[in-house]
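Just so we're clear, the structure is a prediction, and the values are computed from it rather than from any experiment.
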Amino acid sequence: QVHLAESGGGLVQAGDSLRLDCAASGRTFVMYTMAWFRQARGKGREFVAAISWSSGTTAYADSVKGRFTISRDNAKNTLYLQMNSLKPEDTAVYSCAATKGVLPRTVGLYDSWGQGTRVTVSS
């Protein structure tokens, strides 16, 4: 299994930027597709972005496309989410996840999850 731990969340104002990190340990990080999901208060977990193990393919939710960038450093066993032009509607707990699948967008297809890091964007 892969153990995941997110960091980098915080309280920011609309228009600001944040970079979230997800440190992985355990089974090989290189061979897993990695993704970011978010869950706002009172709502279900929502797909944000995913990246293949080789970094050759990425996928983004329409709501974040052009503002967020997912990347990974396999040598450091770390996943990143660069978030620019943040909006109040981006407020949520952000979690990283891992799967052997090929860039799935469905929550139930991911096998390992981190504890999440909270992002709050004020007006």
Side-chain angles (χ1 to χ4, degrees):
Q1 60 180 337
V2 176
H3 294 92
L4 306 172
E6 304 92 338
S7 62
L11 174 62
V12 298
Q13 295 190 8
D16 286 352
S17 297
L18 277 176
R19 191 185 76 173
L20 306 183
D21 303 333
C22 173
S25 61
R27 295 289 184 177
T28 177
F29 175 74
V30 173
M31 300 304 297
Y32 281 80
T33 289
M34 301 295 297
W36 288 97
F37 289 80
R38 65 187 182 186
Q39 186 168 24
R41 181 179 178 273
K43 298 184 178 181
R45 195 132 56 182
E46 174 191 29
F47 172 80
V48 176
I51 185 168
S52 66
W53 70 269
S54 66
S55 301
T57 307
T58 57
Y60 294 92
D62 289 341
S63 59
V64 307
K65 196 172 298 181
R67 297 189 298 121
F68 292 8
T69 302
I70 188 170
S71 62
R72 65 194 293 168
D73 187 336
N74 290 338
K76 296 182 178 180
N77 282 2
T78 304
L79 175 74
Y80 305 99
L81 183 68
Q82 178 65 48
M83 305 185 295
N84 298 325
S85 301
L86 283 163
K87 305 174 181 179
E89 49 262 47
D90 294 319
T91 295
V93 173
Y94 286 72
S95 300
C96 61
T99 184
K100 292 292 186 67
V102 182
L103 299 182
R105 296 169 180 254
T106 304
V107 171
L109 295 180
Y110 284 80
D111 307 302
S112 301
W113 294 85
Q115 297 297 307
T117 185
R118 180 171 285 103
V119 173
T120 302
V121 185
S122 65
S123 301

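Heavy-atom minimum distance, Pro88 versus Ala14: CD-CB, 4.1 Å. Minimum interatomic distance between Val48 and Val64 (heavy atoms only, all atoms of both residues): O-CG2, 3.6 Å. Residues Arg105 and Ala59 approach most closely at NH2-CB, 3.6 Å, considering heavy atoms. Of all heavy-atom pairs between Ser17 and Ser85, the closest is OG-N, 4.2 Å. Nearest heavy atoms, Leu79 versus Ala35: CD2-O, 3.9 Å.
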Exercise. Given Phe68 and Leu18, is the side chain to side chain contact (heavy atoms under 4.5 Å, CB included) satisfied, shown in steps?
Worked result: CA-CA 10 Å; Phe68 292 8; Leu18 277 176; over 6 Å; no
Exercise. Which is it for Arg38 and Asp90 under the side chain to side chain contact (heavy atoms under 4.5 Å, CB included) test, yes or no, and what are the steps along the way?
Worked result: CA-CA 9 Å; Arg38 65 187 182 186; Asp90 294 319; 2.9 Å; yes
Exercise. Please walk me through it: do Phe47 and Thr106 pass side chain to side chain contact (heavy atoms under 4.5 Å, CB included)?
Worked result: CA-CA 7 Å; Phe47 172 80; Thr106 304; over 6 Å; no
Exercise. Would Tyr110 and Phe37 count as a side chain to side chain contact (heavy atoms under 4.5 Å, CB included) if you check the C-alpha gap in whole Å, the side-chain angles of each, and the deciding distance to 0.1 Å?
Worked result: CA-CA 10 Å; Tyr110 284 80; Phe37 289 80; 3.6 Å; yes
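Ser7 has its side chain out of reach of Thr117: every pair of non-hydrogen atoms, C-beta onward, lies at least 4.5 Å apart. At a threshold of 4.5 Å between non-hydrogen side-chain atoms, the residues Trp113 and Arg45 count as touching. Considering only heavy atoms from C-beta on, Glu89 stays 4.5 Å or farther from Ser63 through its side chain. Contact annotation: the side chain of Val121 never approaches that of Asp16 to less than 4.5 Å [non-hydrogen atoms, C-beta and beyond].
The cluster map of Ile, Leu, Val, Met, Phe, Trp and Tyr, joined by side-chain heavy atoms under 4.5 Å apart, puts Tyr60 and Leu109 in different clusters. Both Val12 and Met83 belong to a common hydrophobic cluster when Ile, Leu, Val, Met, Phe, Trp and Tyr are linked at side-chain heavy-atom distances under 4.5 angstrom.
Taking OH of Tyr80 as the start and CE of Met34 as the end, the distance is 12.0 Å to the nearest 0.5 Å. The distance from the CD atom of Glu6 to the SG atom of Cys22 is 5.0 Å, given to the nearest 0.5 Å. Atom CD1 of Ile51 and atom CH2 of Trp53 lie 12.0 Å apart (nearest 0.5 Å). Here CG of Leu103 is found 5.5 Å from OG of Ser52. Values are rounded to the nearest 0.5 Å. Taking CG from Leu4 and CD from Gln115, the interatomic distance works out to 10.0 Å, rounded to the nearest 0.5 Å.
The existence of a salt bridge linking Lys65 and Asp62 is confirmed by a sub-4.0 Å separation between a basic side-chain nitrogen and an acidic carboxylate oxygen.
Among the candidates Leu81, Leu11, Val93, Leu20, the single residue satisfying the side-chain contact (heavy atoms from CB on, under 4.5 Å) test with Val119 is Leu20.
In this structure, Gln82 places its CD atom where more than 12 heavy-atom neighbours from other residues, nucleotides or ligands lie under 6.0 Å away.
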